[in-house]
Peer 1: 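I am attaching a structure below and will ask some questions about it afterwards.
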Amino acid sequence: MPRITLPDGKVLEFPQPVTGRQVAEAIGPGLAKKAIGVKLDDTEIRDLARAIDRDCTLKIITAKNDDPDALYLLRHSAAHVLAEAICALHPGTKLAYGPPVDEGFFYDLRTPEPIREEHFAAIEAKMQEIVAADRPFVRCEFSAQEGLARTEGDKYKRDNAERALAKGDDTLSFYVSGEPGRDWEDLCAGPHVPSTGWLKASKVMSVAGAYWHGDQSSDQLTRVYGTCFADDKGLKAHLHRIEEAKRRNHRKLGKEMDLFHVEEDNPGQVFWHPRGWAIYVTLMDYMRRKQVLNDYQEVHTPSVMSRVLWEKSGHWQNYRENMFTTESEKRDFAIKPMNCPGHILLFKQGLKSYRDLPLRIAEFGSCCRNEPSGALHGIMRVRGFVQDDAHIFCTEDQVEAEVASFCRMLTEVYADFGFGTDRIDIKLATRPTPRIGDEASWDRAEKALGEAVKAAGLQYTISPGEGAFYGPKLEFTLVDAIGRGWQCGTIQLDPNLPGKDRLDATYVAEDGSRKNCVMLHRAILGSLERFLGILIEHFEGKFPLWLAPEQVRILPISDDQMPPARALKDRLVALGVRATVDEQAGQLGAKVREARLARVNYFAVIGGKEAEAGTVALQNQAGEKLGTLPQDEFVARILAEIEAKTLPASMIGSA
RNA sequence: GCUGCCAUAGCUCAGUGGUAGAGCACCUCCUUGGUAAGGAGGAGGUCGUGGGUUCAAGUCCCACUGGCAGCUCCA
């Protein structure tokens with residue numbers, strides 16, 4: 001006698017097991033028509049046609065672009081349609097695995113001939129046929145034995161089936177797209193939408209290689225990516241977002257705006273051009289100021305350190321293949337991939353008292369990591385980079401307060417770049433396996449981090465098992481202007497590295513005894529290179545004034561205004577403003593066009609009238625004409641806007 | 001690192017086995033102008049590198065390097 005509780009708290013009672021569809025019908029026929037599945041107890045998504053025989057809470061899932069559960073169902077089902085289409089067009093195709101993912105779904109399979117982009121149109125046409133036929137997804141359940149028999153000779157599906165059984169399932173389910181025995185079927189746990197007709201807004205996106213179970217030594221499969229939305233509108237919006245991402249690509253804008261380049265013979269290391277470096281330095285100066293205000297002390301430690309030190313820190317044993325090494329007079333050295341060992345050595349100079357703690361040591365640490373070539377990506381993932389790194393040496397009792405104050409500093413910083421708390425996603429990564437340390441200290445550590453986030457007035461979710469082997473960590477992900485997430489900030493509790501067995505960082509406690517401190521590894525921007533890449537994409541190269549590489553360009557109308565134009569530029573430069581004069585001969589229209597394309601924030605026109613009156617005619621990057629104003633007023637306005645770190649009008653408010 | 005795709009002028013790209021092209025940028029000259037392109041001329045290339053097929057290779061084949069996408073990785 002299932003008692004079913006609806007999201008609004010209403011309870012429906014049924015005399016016998018019911019299907020999701022029957023529940024929907026009981027609520028209303030309109031809803032039943034729109035329903036594509038149900039979610040039980042907020043955890044289990046099920047087919048509409050499956051019977052429910054227990055008490056539960058239930059949500060009817062309808063096809064909506066903003067409901068992750070709906071997208072899950074649609075995409076999982078679309079993966080079947082894709083696979084069926086490929087099987088039809090490429091006989092002999094072996095199916096492996098086809099789950100929904102963040103932006104859509106994929107299907108891993110092995111085809112007799114390689115699938116290429118030129119096949120997409122045919123695959124999509126076939127998919128549309130299947131969708132138009134509006135065939136039902138029919139769940140067929142078999143006993144373990146019968147199910148296994150059905151996968152006989154099919155390496156991948158057999159393996160999937162065995163894994164499902166090993167996991168504890170006692171039956172195996174297949175989904176038929178249509179009529180059992182006649183139409184295409186696939187071993188699949190489900191769930192699926194009621195019929196293929198729901199999958200109108202599907203598209204094949206790309207093709208890539210993948211390995212069976214992600215194992216490089218295993219079979220190479222073809223992974224075909226697709227996506228699916230509730231309707232055309234959702235699909236179009238998605239395709240538009242992809243176009244947006246292309247337009248904002250930092251590699252493209254970096255070239256276009258002359259910010260940096262990477263040499264073909266030196267992959268993974270950035271050559272910063274004057275304009276890019278101007279932003280970089282601004283970022284660094286800004287963080288330096290923030291750190292001072294938050295009681296950090298800036299230091300600088302060596303880039304190359306002896307193997308002896310890396311052995312003590314454990315990096316030589318555990319991180320070797322990611323380090324660039326060198327040698328001198330028969331001794332091995334490594335370029336630092338991290339700053340923590342150096343900071344501990346620095347901490348250990350002189351005797352530290354409990355009165356010195358917490359001690360916050362910051363460094364714009366230039367690190368090199370020998371990343372695999374395939375991982376490199378523009379300036380986002382490089383082999384040489386600088387972190388806004390700092391280590392907080394403290395006692396276990398001080399951890400919570402330190403983490404809370406870090407959270408406050410971090411939200412202030414992010415807000416200055418236009419990421420308000422609604423654009424920060426916080427995860428608490430908890431104890432992994434394997435790990436070191438006893439359960440009680442993990443309990444305390446995880447609790448301290450969680451409480452600290454709350455104390456800072458923020459919310460977090462748990463990321464189970466994702467902590468470092470030595471301690472839990474918080475990870476801060478920024479959501480950019482087009483909704484993409486970028487993990488930047490982090491704070492990790494580490495009792496290991498400063499511990500007795502590693503670098504042994506101690507202080508004299510109140511009772512005169514020596515105690516080991518714990519340390520917090522923390523960064524807000526992460527890698528400056530990567531953060532700048534994120535900013536380029538977030539702002540589409542149209543930086544807020546305080547960050548912009550060229551803040552003001554002065555446009556004289558003719559050579560006669562060159563002297564006053566240069567004088568105004570010199571005045572601005574002396575005040576720390578990044579200002580230039582367009583010295584080219586040419587018409588004003590051309591100069592305005594170039595200034596806008598170069599994403600200069602403000603351009604100040606000086607013609608005969610302005611020169612005489614000591615004014616400028618002002619326009620901004622967006623093309624808004626801001627009128628004619630006295631030069632004094634203009635200068636004051638620029639300085640005020642830099643000081644206020646005003647964000648571009650288009651970036652204010654959340655998306 | 002693995003798989004697939006890609007590599008032509010500073011940039012964006014065309015060139016489908018038979019004499020290397022366009023637009024923009026650059027240089028020179030003319031033009032001194034009022035808010036998104038004034039005009040004329042010029043220079044610019046070992047077609048990523050190395051091998052092979054061919055009478056002939058930017059074009060076809062192989063390897064390497066780099067880039068892109070995905071995988072994997074990110075103690």
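In what follows, every heavy atom counts, from backbone to side chain, and hydrogens, waters and symmetry copies are set aside. In what follows, chains carry the letters A, B, and so on, assigned in the order in which the sequence lines appear, proteins first and then strands, with residues in each chain numbered from 1.
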Peer 1: Report all interatomic pairs (protein N or O, nucleotide N or O of nucleotides 40-42 of chain B) with separations under 3.5 Å.
Peer 2:
none

Peer 1: Can a side chain N or O of K255(A) be found less than 4.0 Å away from OP1 or OP2 on U12(B)?
Peer 2: yes
Peer 1: Contacts to RNA chain B from residues 236-245 of chain A, heavy-atom cutoff under 4.0 Å, which residues?
Peer 2: none
Peer 1: Excluding sequence neighbours, so at least two apart, what forms ring pair (Phe, Tyr, Trp, His ring centres under 6.0 Å) with Y414(A)?
Peer 2: none
Peer 1: G589(A) near the nucleic acid: base, sugar-phosphate alone, or nothing, with a heavy-atom cut-off under 4.0 Å?
Peer 2: sugar-phosphate
Peer 1: Can E550(A) and R599(A) be counted as an ion pair, charged N to O under 4.0 angstrom?
Peer 2: no
Peer 1: Pair up each side-chain donor or acceptor in residues 366-376 of chain A with any protein partner under 3.5 Å, not counting sequence neighbours, and list the distances.
Peer 2:
unit_1, atom_1, unit_2, atom_2, d
R369(A), NE, P337(A), O, 2.9
R369(A), NH2, P337(A), O, 3.1
E371(A), OE1, R381(A), NH2, 2.8

Peer 1: For F347(A), which residues count as a ring pair (Phe, Tyr, Trp, His ring centres under 6.0 Å) partner, sequence neighbours excluded?
Peer 2: F393(A)
Peer 1: Quick check on the 6.0 Å ring-centre criterion: do F260(A) and H273(A) meet it?
Peer 2: no
Peer 1: Starting at CD of E594(A) and ending at P of U35(B), how long is that distance when rounded to a whole Å?
Peer 2: 16 Å
Peer 1: Hey, can you pull the donor-acceptor pairs under 3.5 Å for the side chains in residues 89-99 of chain A, sequence neighbours left out?
Peer 2:
unit_1, atom_1, unit_2, atom_2, d
H90(A), ND1, E113(A), OE2, 2.4
T93(A), OG1, H90(A), O, 2.5

Peer 1: Partners of H240(A) by ring pair (Phe, Tyr, Trp, His ring centres under 6.0 Å), sequence neighbours excluded?
Peer 2: none
Peer 1: Rounded to the nearest Å, what distance is computed from the CG atom of residue L259(A) to the P atom of nucleotide C11(B)?
Peer 2: 15 Å
Peer 1: Indicate, with a heavy-atom threshold strictly under 4.0 Å, whether G608(A) touches base, sugar-phosphate, or nothing.
Peer 2: base
Peer 1: Would you indicate which nucleotide in G38(B), A36(B), A75(B) comes nearest to any side-chain atom of A590(A)?
Peer 2: G38(B)
Peer 1: Using a cutoff of under 3.5 Å, can you pull out all pairs of nitrogen or oxygen atoms linking the protein to nucleotides 29-32 of chain B, with atom names and distances?
Peer 2:
unit_1, atom_1, unit_2, atom_2, d
U32(B), O2, D559(A), N, 2.9
U32(B), N3, D559(A), OD2, 2.9
U32(B), O4, D559(A), OD2, 3.0

Peer 1: Could you tell me how far G45(B) sits from A22(B) if I compare only their P atoms? Round to whole Å.
Peer 2: 14 Å
Peer 1: With a 4.0 Å cut-off on heavy atoms, is F469(A) in touch with a base, just the backbone sugar-phosphate, or nothing at all?
Peer 2: sugar-phosphate
Peer 1: Rounded to whole Å, how long is the line connecting atom CD of E321(A) with atom C1' of U72(B)?
Peer 2: 13 Å
Peer 1: Tell me whether the NZ or CZ atom of R75(A) lies within the 45° cone about the ring axis of F105(A) and under 6.0 Å from its centre.
Peer 2: no
Peer 1: RNA chain B in dot-bracket, Watson-Crick or G-U pairs under 3.5 Å, [ ] crossing, | other strand?
Peer 2: (((((((..((((....[..)))).(((((.......))))).....(((((..]....))))))))))))....
Peer 1: With a cut-off of 6.0 Å (strictly less than), are more than 12 heavy atoms of other residues, nucleotides or ligands near CD of E311(A)?
Peer 2: yes
Peer 1: Return the value, rounded to whole Å, for the distance between atom NE2 of H119(A) and atom P of G4(B).
Peer 2: 15 Å
Peer 1: Does the distance from a Lys or Arg side-chain N to an Asp or Glu carboxylate O, for R241(A) and E244(A), drop under 4.0 Å?
Peer 2: no
Peer 1: Could you work out the separation of C26(B) and U19(B) based on their P atoms and round it to a whole Å?
Peer 2: 33 Å
Peer 1: Using whole Å, report how far CD1 of I436(A) lies from P of A75(B).
Peer 2: 15 Å
Peer 1: Which one, A75(B), C73(B), U35(B), comes nearest to the side chain of P372(A)?
Peer 2: C73(B)
Peer 1: A quick test of your reading: do over 12 heavy atoms of other residues, nucleotides or ligands sit less than 6.0 Å from CG of D438(A)?
Peer 2: yes
Peer 1: Specify the residues of residues 616-629 of chain A, ordered by number, for which at least one heavy atom lies under 4.0 angstrom from an atom of RNA chain B.
Peer 2: A617(A), Q619(A), K625(A)
Peer 1: For L597(A), report the nucleic acid contact type (base, sugar-phosphate, nothing); a contact means any heavy atom under 4.0 Å.
Peer 2: base
Peer 1: Do any N or O atoms from the side chain of W310(A) and from the backbone of M305(A) form a donor-acceptor pair under 3.5 angstrom?
Peer 2: yes
Peer 1: Atom pairs, N/O to N/O, protein against nucleotides 63-70 of chain B, distance under 3.5 Å?
Peer 2:
unit_1, atom_1, unit_2, atom_2, d
C68(B), OP1, R251(A), NH1, 2.9
A69(B), OP1, R251(A), NH2, 3.2
A69(B), OP2, R251(A), NH1, 3.4
A69(B), OP2, H377(A), ND1, 3.3
G70(B), O3', Y225(A), OH, 2.8
G70(B), O2', Y225(A), OH, 3.4

Peer 1: Suppose we screen for ring pair (Phe, Tyr, Trp, His ring centres under 6.0 Å). Which residues come up paired with H80(A), at least two apart in sequence or across chains?
Peer 2: H76(A), W184(A), H192(A)
Peer 1: When rounded to the nearest Å, what value does the distance between C1' atoms of G17(B) and G10(B) take?
Peer 2: 30 Å
